[in-house]
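In this text, all values refer to a predicted model and were calculated from it rather than measured experimentally. For ligands, and for the atoms within them, numbers begin at 1 and follow the listed sequence.
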Amino acid sequence: MRSFMHETRPARVVFGKGSRQFLSRELDLLGIRRAVVITTPEQIGLGQQIADILQGRCAGVLNKAVMHVPIDVARATIERARQLGADGCVAAGGGSTIGLAKAIALESNLLILALPTTYAGSEMTPLYGITDDGEKRTGRDSRVMPRSVIYDPELTLSLPVQLSMTSGMNAIAHAAEALYAADGSPIYDLMAEEGIRALAAALPRLHEVPGDHDARSDALYGAWLCGTVLGNVQMGLHHKLCHTLGGSFNLPHAEVHAVVLPYALAYNASSAPHAMTRIARALHGDDAVRVLRALGRTLGTPRSLRELGMPHDGLDRAADLIVEKAYPNPRPIARIAIRELLEQAYTGAEPG
Ligand code: NAD
């Protein structure tokens with residue numbers, strides 16, 4: 001029997017090859033006159049390219065974004081944006097870059113225009129995280145939502161193959177968990193299933209030919225859908241596992257998602273049969289966990305937490321952290337079963 005509430009957040013999306021050419025028009029629509037361009041040290045070339053498009057409207061390129069948004073980096077960037085007289089922020093990069101722009105928006109109310117270059121999906125969410133004194137504080141605030149998002153698949157051509165594969169798995173994980181979220185809706189279910197389908201079709205093509213423009217476009221389209229559901233429904237065990245393992249053991253974000261997803265789905269499978277059917281259908285298979293493992297094998301994504309550098313003696317602490325606070329999940333969280341899941345993910349054993 002259907003029972004749901006559906007709410008949509010306002011989001012403006014411009015999608016298409018070469019769509020970064022519409023940057024000035026999008027800034028006009030937001031009323032931004034001079035924007036700082038935020039990016040990482042590794043993507044300084046992209047930052048410069050965006051500055052060239054903006055010409056006199058670029059207040060400066062600030063390239064200090066790093067993973068987990070350290071508070072001192074956020075404060076220094078806010079101060080610099082103020083000195084430069086910026087009235088807006090263009091975030092060009094992946095989740096780390098957009099995360100820094102969100103921290104700026106939270107403190108300064110500057111509006112964000114995002115140009116995502118990975119499949120992580122942060123551009124479509126009101127979620128933020130800031131690391132202070134070794135602790136990552138996370139929250140939800142509509143002020144950090146990018147007001148306009150330009151998805152230009154050409155900006156993803158330089159994303160290294162391995163990161164393209166794991167980042168794609170990261171996006172699939174958002175959609176998979178959305179399909180069993182208690183606050184999901186039929187519209188988000190459609191988006192989630194289509195997002196998984198688009199990514200699962202595009203990633204093997206990108207694995208073969210990373211410069212395939214059509215596959216880059218399809219993957220980014222899937223990432224948009226997966227990011228949208230991430231921003232609108234509550235995530236469960238899988239995201240809790242990844243957040244804990246990434247945050248407390250400093251494991252790489254997208255890779256952890258790629259390793260953990262089949263284990264989290266195996267844990268939840270018997271409590272979320274409809275979601276499993278839809279995930280399997282999107283992956284063109286019978287069994288969601290098995291097809292996902294097979295996809296990971298095809299894409300050459302990491303198989304175990306051990307190979308990501310997780311210390312075995314950290315598994316008990318990880319299990320404690322995962323059961324510490326309540327969060328929504330279709331199957332109740334039991335420490336013994338979670339510890340077993342972590343052991344399996346550590347060695348890369350068959351899930352379940
Ligand atoms: P990332 O932004 O950390 O990027 C990883 C590396 O790849 C960086 O060096 C970056 O400069 C480089 N890179 C990115 N795109 C590139 C491209 N097209 N070409 C060449 N190099 C490129 O990676 P990510 O996985 O996108 O983001 C991870 C972070 O985002 C984590 O901290 C995670 O917590 C956060 N995140 C937040 C949300 C949210 O809703 N708040 C959602 C997803 C992820």
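Looking at atom 5 (C) of ligand 1, its nearest protein heavy atom turns out to be L163 CD2, 3.9 Å. Protein heavy atom at the shortest distance from atom 38 (C) of ligand 1 is S122 CB, 3.4 Å. The nearest protein atom to atom 15 (N) of ligand 1, hydrogens excluded, is given as T117 OG1, 2.7 Å; this is a heavy-atom distance. Considering only non-hydrogen protein atoms, atom 16 (C) of ligand 1 sits nearest to Q43 NE2, 3.1 Å.
Between L155 and ligand 1, at least one N/O pair is under 3.5 Å apart. The shortest N or O to N or O distance between Y128 and ligand 1 is not under 3.5 Å. Inclusion of T118 in the set of residues having an N or O under 3.5 Å from an N or O of ligand 1 is warranted. Taking any N or O of T40, backbone or side chain, at least one lies under 3.5 Å from an N or O belonging to ligand 1. Residue A120 places no N or O, backbone or side chain, under 3.5 Å from any N or O of ligand 1. Any N or O atom pair closer than 3.5 Å counts here, and G93 shares no such pair with ligand 1. For ligand 1, the polar-atom distance check finds an N/O of S96 within less than 3.5 Å of one of the ligand's N/O atoms.
Within a 6.0 Å sphere centred on CZ of R281, heavy atoms belonging to other residues, nucleotides or ligands number more than 12.
Aromatic ring centroids of Y188 and H6 lie under 6.0 Å apart. Between H239 and H174, the distance separating the two ring centers is shorter than 6.0 angstrom.
Formation of a donor-acceptor pair under 3.5 Å by the Y263 side chain with backbone atoms of E343 is not found in this model. Put simply, the side chain of N170 never gets that close to the backbone of H257: no donor and acceptor are under 3.5 Å apart. Using a distance-only test at 3.5 Å, with no hydrogens or angles considered, a donor-acceptor pair links the side chain of S108 to the main chain of I104.
Between Q43 and T97, the side chains place no donor N or O within less than 3.5 Å of an acceptor N or O (distance only, hydrogens not considered).
Within the structure, ligand 1 lacks M124 among the residues with a heavy atom less than 4.0 angstrom away.
Under 4.0 angstrom from ligand 1, the non-hydrogen atoms of T125 all belong to its side chain.
Applying the salt bridge (charged side-chain N to carboxylate O under 4.0 Å, His left out) definition to pairs two or more places apart or across chains, those involving residues 37-58 are D28-R57.
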